[in-house]
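In the text below, chain A, chain B and the rest are named by the order of the sequence lines, each starting its count at 1.
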Number of protein chains: 2
Amino acid sequence: MPKQSTLATTESVDDYLKAILELGGAEASQVTTNALAGRLGIRTPSVTGMLQKLALQRPSLVVYEKHRGVRLTAAGKRRAWELVRHHRLLELFLHDVLKYSWDEVHEEAERLEHFISERFEDRVAAILGDPEIDPHGHVIPQKYEAGVLRDEVPLARWPLGTPATISSVSDRSAAALRELERLGLMPGVALTVERRNAAGSHSIRLGAHTEPIRVSSDLAACVLVAAPVTALS
Amino acid sequence: MPKQSTLATTESVDDYLKAILELGGAEASQVTTNALAGRLGIRTPSVTGMLQKLALQRPSLVVYEKHRGVRLTAAGKRRAWELVRHHRLLELFLHDVLKYSWDEVHEEAERLEHFISERFEDRVAAILGDPEIDPHGHVIPQKYEAGVLRDEVPLARWPLGTPATISSVSDRSAAALRELERLGLMPGVALTVERRNAAGSHSIRLGAHTEPIRVSSDLAACVLVAAPVTALS
DNA sequence: AGCCAATATTAGGCATACCTAATATTACAT
DNA sequence: ATGTAATATTAGGTATGCCTAATATTGGCT
Ligand SMILES: [Mn+2]
Ligand SMILES: [Mn+2]
Ligand SMILES: [Mn+2]
Ligand SMILES: [Mn+2]
């Protein structure tokens, strides 16, 4: 059991760390001030100020290079992945135990993820049977582990005519989630992209269905796909 | 369905409202600056400042008279009782569903009570079967209702030799709760106070037991008792 | 009535985390 | 190599909610 002294972070700091993780992508590349401001819904000077303060702290959570961007230190990554674990465990718990619909879970999880204790995290994981996937198809990181970054691509970049499976969907827009559910676009569903249309929309053939459905580019942006799994293990 | 626009309160304001409710007692009498500072663990000038700001707000949550004290308005009472409902529902949920022990629930509930949504409150109440009593014997207020103020008195003030039942115990000290459990002093337990000793401790005879146990005055202060219920309805 | 201790308020500061306006840096395009 | 648009930083300000030190009010006691 490694010493994981959960260093005190505020809700704001948490949100910065998570945003840096999510924007940095698999390569954990530097994230710009602008990108953070956009994602967090605040102004760039606020971001600069916060990054400067964060970078001064010991032990530091981020490495900040003026005018260059910011990336997470090992400690920053650990906290960010912990928040992702909280978020996804909470979403699954709200969905499976408290019977929230899949478009209702995100907002509540986004708030509570900052405030639950280690014990709460552990007990929720236990009653869910140490789950691996959240209601939107996202991988739930294991405790003290950096999360898995899967080989999934946005639906808009999947080649025409090639079979795919929906790997996950974005949890950020409740309206999009309701629409996806109505159309049957949920994790695990098989599909083929038939055609791309002028306005950026896609014609999709779902699993067994015969006629394709039309999916707007905004909605398609919420869907990540991967090659179908050949055999279930 | 009355219009209950949950006016925005911060965690700090919430804590003031709850403290005013708890210190004001059944008569909802005025609460002093000093008492609030003591209960909240902050200094008196901070309390004065907060009360002045709160009293200015519209719609106002408190009525503040300089040098006289503060009391809750109807809106303030509504929010305070809502927090008490959150707190007690959460404690029961943590205890019954997440298998927390009764000395672990308070701290977590104290934090989460500020952040759960109406939906969360409703769903937790539903899976618990609209419960009425929390793990420490406290009455859970119903939705949109001021809580019941029961006819219970501190153990230290119960007359010698008169049968009593433990009505509830304080949830604020985890150490005290562990000790109470060890001694079998839990809600619903019948007892008689045999004797009061010099140092302020009490000799208590529990239900069927023959030899009395010794309870320190600190511990006794955590126990509230009432006359035994004559018939269960 | 007047004094004193307890209680409360005012005055002035600090940390967090935002904001707008002004200025500086970077990097691309010619 | 240099101008310019995009990006970022600095400067200065606000609101919240706490702090200590200094001052004022209250109410009980002689
Ligand atoms: Mn958040
Ligand atoms: Mn999710
Ligand atoms: Mn609280
Ligand atoms: Mn309780």
Exercise. Listed in order of residue number, which residues of residues 46-61 of chain B have a non-hydrogen atom at under 4.0 Å from DNA chain D?
Worked result: S46(B), M50(B), K53(B)
For this session: Take V13(B) and R68(B), find for each the nucleotide of DNA chain D with the closest heavy atom, and name the residue whose nucleotide sits nearer the 5' end.
Result: V13(B)
Exercise. Quick one: do the D15(B) and H114(B) side chains pair a donor with an acceptor below 3.5 Å?
Worked result: yes
Exercise. Can S216(B) and D218(B) be counted as having a side-chain donor-acceptor contact under 3.5 angstrom?
Worked result: no
For this session: On the 0 to 90° scale, with breaks at 30° and 60°, tag the F120(A)-Y100(B) ring pair as parallel, tilted or perpendicular.
Result: perpendicular
Between [Y] and [X], is there a salt bridge with N-O shorter than 4.0 Å?
| X | Y | result |
| --- | --- | --- |
| K143(A) | D122(A) | yes |
| R178(B) | E181(B) | no |
| E104(B) | R119(A) | yes |

Seminar exercise, completed: The residue among H86(A), R85(A), E11(A) that forms side-chain contact (heavy atoms from CB on, under 4.5 Å) with E113(A) is H86(A)
Problem set entry | From T44(A), I42(A), I20(A), residue fulfilling side-chain contact (heavy atoms from CB on, under 4.5 Å) relative to L36(A) | I20(A)
For this session: Would you please confirm or rule out a distance under 4.0 Å between OP1 or OP2 of dT16(C) and any side-chain N or O of S12(A)?
Result: no
For this session: Respond yes when some side-chain nitrogen or oxygen of Y16(A) is under 4.0 Å from OP1 or OP2 of dC18(C), and no when none is.
Result: yes
Seminar exercise, completed: In numerical order, the residues of residues 30-44 of chain B whose heavy atoms come under 4.0 Å of DNA chain C are T32(B), T33(B), N34(B), T44(B)
For this session: By nearest nucleotide on DNA chain C, pick out whichever of Y64(B) and H67(A) is the more 5' one.
Result: Y64(B)
Exercise. Between M50(B) and S12(B), what is the shortest heavy-atom contact and its length?
Worked result: CE-CB, 3.9 Å
Exercise. Just the endpoints, please: which first and last nucleotides of DNA chain D, 5' to 3', lie under 4.0 Å from a heavy atom of chain A?
Worked result: dT7(D) to dT10(D)
Exercise. Is the number of heavy atoms from other residues, nucleotides or ligands under 6.0 Å of E132(A) CD greater than 12?
Worked result: no
